[in-house]
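The block underneath contains the structure these notes are about, expressed in structure tokens.
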2 protein chains.
Amino acid sequence: MALDVKPLYAQVREILRERIRSGALKPGSALPNEFALAHELGVSQGTVRKALDALTAEQLLVRTPGRGTFVREQTAADVLFRFFHIYNARGERILPDSRDVAVTRARASAAECARLGLMHTARVIRIQRQRTRDARPFMLETISIPADLFPDLERVDPLPNTLYDFFQRAYGITVARAEERLTATAADTTTAAALDVAAGAPLLCIDRTTFALDDRPIEWRVSHCHIGEGYYLARLG
Amino acid sequence: MALDVKPLYAQVREILRERIRSGALKPGSALPNEFALAHELGVSQGTVRKALDALTAEQLLVRTPGRGTFVREQTAADVLFRFFHIYNARGERILPDSRDVAVTRARASAAECARLGLMHTARVIRIQRQRTRDARPFMLETISIPADLFPDLERVDPLPNTLYDFFQRAYGITVARAEERLTATAADTTTAAALDVAAGAPLLCIDRTTFALDDRPIEWRVSHCHIGEGYYLARLG
DNA sequence: CAGTGGTCTAGACCACGTG
DNA sequence: ACGTGGTCTAGACCACTGC
């Protein structure tokens, strides 16, 4: 044990985060007001506020003056804004369509086990999809998801364009953050054919691992992208 | 006028930010303590604290219990941590060397004017450099900087490996943030020769615009990178 | 030891959305 | 009119730094 040296507001923050993670507080539902929470937890209202402000900054809560504090609901628009950073030549965000090419269930590969923290006996669901822009394919994605966490996912047809809001609605799993590793690769022949480019053409490869509220990896996604005059935007600082 | 509707703590934040930008508060120097600032500005200590906390979160200040509040000093290590996100295959951050190939002064091109917000008559300093890793070149950079903001920069020889800490020390200009646009491009023959890869090999292209504290663009940098088994890491969420 | 920032409390007033 | 979060104030105690 030994470690209760964290400040009060941080303890309050963790308690509330755990209530959201466990589903005791559901997306879209209202929290008790600051004074009620303060009384329940035996701290002052200012301490509760500091915790609520921190969780709001983490995108877990939404606060509206006069209305209350609510558990943030993942929406498709929100997911695109947070996790899809590709822009066209005019600096407009690209909002792609997706078409599932294949959804399969299989034993996890070594790479999948490493990325998703799985035992080598675990099973994954693999989704192959093609994203289009102006009805032309520009991006191929291979998505791997632990089958245990998302039972019967492979039977959902069609899968929604944005998965993360669906994860929250259907499985109560909220995406907290992701890491993307970007590289430039040469298109192999099958990828080139699917994207209608020459074999060997340079593609932007986005290798993403996605983490839930408890920081467990819940998705590994590799995208190959023929971005044309567009670009991937990263903000630093 | 009309707009003094911002909360007090935000006004305090802007006042302090402007003092840093203008050089009235120099990097490394200590601020007055919270009570002194509160008295000077006619607000309470809690309001000053909220402003100081916000500026600390923006990396502009450093606070140490028992010591005081200081204007953050840009260091080379800090610059690399914030603005250089390339990792090798083992997940270790790459810390490159740089060698200047050419430093020239010229009238700004149309692209430079657009990126740096310059008049078409303005002049820029262009730096071409080669970055190496284990003594082998893996990255070519072309950097454009408004000549007006950095007088006599072209006479500094050699330029330091990390420019931003030098900008702060030598010119009092602090880098606040940057935007990077990433694409995959095919190596042209000269780039391929310099990086020792085949012509047409896929390169990661990083097109960065850097902004000062007052949000003026102060640098445009295009890097072509043969990243090998490494990657560019972006954190989302 | 004195001074600093970090934390916590308690209470006030306001602007806003809802009914 | 009421309840909410947003802001602001005032003061307390603590841990840490530096002398």
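First the proteins, then the strands, lettered A, B, ... as listed; each starts at 1.
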If only atom types and distance count, is the side chain of A:R129 paired as donor or acceptor with the main-chain N or O of A:N161 below 3.5 Å? yes
Of B:L52 and A:G46, whose nearest nucleotide on DNA chain C comes first from the 5' end? B:L52
Look at the side-chain N and O atoms of B:T69 and state whether any lies under 4.0 Å from the OP1 or OP2 oxygen of C:dT4. no
In whole Å, I'd like the distance from the CG atom of B:L8 to the P atom of D:dA10. 12 Å
Strictly below 4.0 Å, N to O, side chains only: are A:E34 and A:R63 in salt-bridge contact? yes
Among C:dC8, D:dG11, D:dC8, find the nucleotide with the atom closest to the side chain of B:Q45. D:dG11
Can you name the salt bridge (charged side-chain N to carboxylate O under 4.0 Å, His left out) partners of A:D152, sequence neighbours left out? A:R155
Write down the distance between NZ (B:K50) and C1' (D:dC8), rounded to a whole number of angstrom. 9 Å
Salt bridge (Lys or Arg N to Asp or Glu O under 4.0 Å) between A:R216 and A:D214: does it pass, once the steps are laid out? CA-CA 6 Å; A:R216 278 193 306 180; A:D214 54 8; 3.2 Å; yes
Tell me which residues in residues 31-38 of chain B put a heavy atom below 4.0 Å from DNA chain C, sorted by number, or none. B:N33, B:E34
Of all the heavy-atom pairs spanning A:E180 and A:F83, show the shortest one and how long it is. OE2-O, 4.1 Å
In B/S/- notation (B base, S sugar-phosphate only, - none; protein heavy atoms under 4.0 Å), nucleotides 14-19 of chain C written 5' to 3' is --BSS-
With A:F150 as reference, evaluate A:F167, A:Y164, A:F166 under the ring pair (Phe, Tyr, Trp, His ring centres under 6.0 Å) test and give the passing residue. A:F167
Does the B:N88 side chain pair with the main chain of B:G91, one donor and one acceptor, at a distance under 3.5 Å? yes
Without swapping roles, check the side chain of B:R99 against the backbone of B:T132 for a donor-acceptor pair under 3.5 Å. no
Return the value, rounded to whole Å, for the distance between atom CZ of A:F70 and atom P of D:dG3. 16 Å
Hey, is the side chain of A:R63 poking within less than 4.0 Å of OP1 or OP2 on D:dT4, counting only N and O atoms? no
Taken to the nearest whole Å, CG/B:L61 to P/C:dG6 is 11 Å
Could you tell me the separation between the CG atom of B:L41 and the P atom of D:dT9, rounded to a whole number of Å? 11 Å
If you look at every heavy atom in B:L116 and B:I218, which pair is closest and at what distance? CD2-C, 4.0 Å
